[in-house]
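This report concerns only the one structure given below.
Index from 1, following the sequence. All ligand and atom numbering here is 1-based and tracks the order in the structure. From a predicted model like this one, the values you see are computed outputs, not experimental measurements.
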Amino acid sequence: KDVIPPLEQLMVEKEGYLQKAKIADGGKKLRKNWSTSWIVLSSRKIEFYKESKQQALSNMKTGHKPESVDLCGAYIEWAKEKSSRKNVFQITTVSGTEFLLQSDIDFIILDWFNAIKNAIDRLPKD
Ligand code: I3P
């Protein structure tokens, strides 16, 4: 039978592939490790899927949960100095998760930056 996802998951604002590296978790620095991630932005969170969208959708049916960060009170900024790569920005969450997102393609990274910035600006700060 069909599983109906929660409403929040239906209100996707943007999705696509980006390069992602988590650099801190709960304030603790991590070794940088870039990988391709399927990224889903909804009104107050970003979900990261390690696998393809197709694989992610089938995993979801088995109750597998993606990594997810809360955008309430989060901070987004360009982070030229944090990487040798071009087009890198950083998101820092209230819980102290820091990650970098990157694309070689200028308009793709700009669209993502603006979409996430707009989502954060619409949310209450706490
Ligand atoms: C890191 C890896 C990353 C690189 C990072 C290196 O090495 O090469 O790709 O980040 O540079 O430390 P390792 O795999 O041995 O951990 P960029 O690609 O973003 O430059 P960094 O230490 O200057 O962040």
Inset, instruction - Output every pair passing side chain to side chain donor-acceptor pair (under 3.5 Å) with a member in residues 23-34, not counting sequence neighbours, ordered by first then second residue. - result: Lys29-Glu98
Inset, instruction - Please determine if Lys50 forms a cation-pi arrangement with Trp38, meaning its NZ or CZ atom is less than 6.0 Å from the six-membered ring centre and no more than 45° off the ring axis. - result: no
Legend entry - Fellow cluster residues of Val94, listed by chain then number, with links counted only when side-chain atoms sit under 4.5 Å apart: none
Legend entry - Test item: Glu47 side-chain N/O and Leu41 main-chain N/O as donor-acceptor pair under 3.5 Å: no
Inset, instruction - Output yes when a side-chain donor or acceptor of Lys20 lies under 3.5 Å from a complementary backbone atom of Ser35, and no otherwise. - result: no
Legend entry - Where at least one partner belongs to residues 68-81, residue pairs that pass side chain to side chain donor-acceptor pair (under 3.5 Å), sequence neighbours excluded: Arg44-Asp70
Legend entry - Contact residues of ligand 1, where a non-hydrogen atom lies under 4.0 Å away: Arg31, Lys32, Trp34, Ser83, Ser84, Arg85
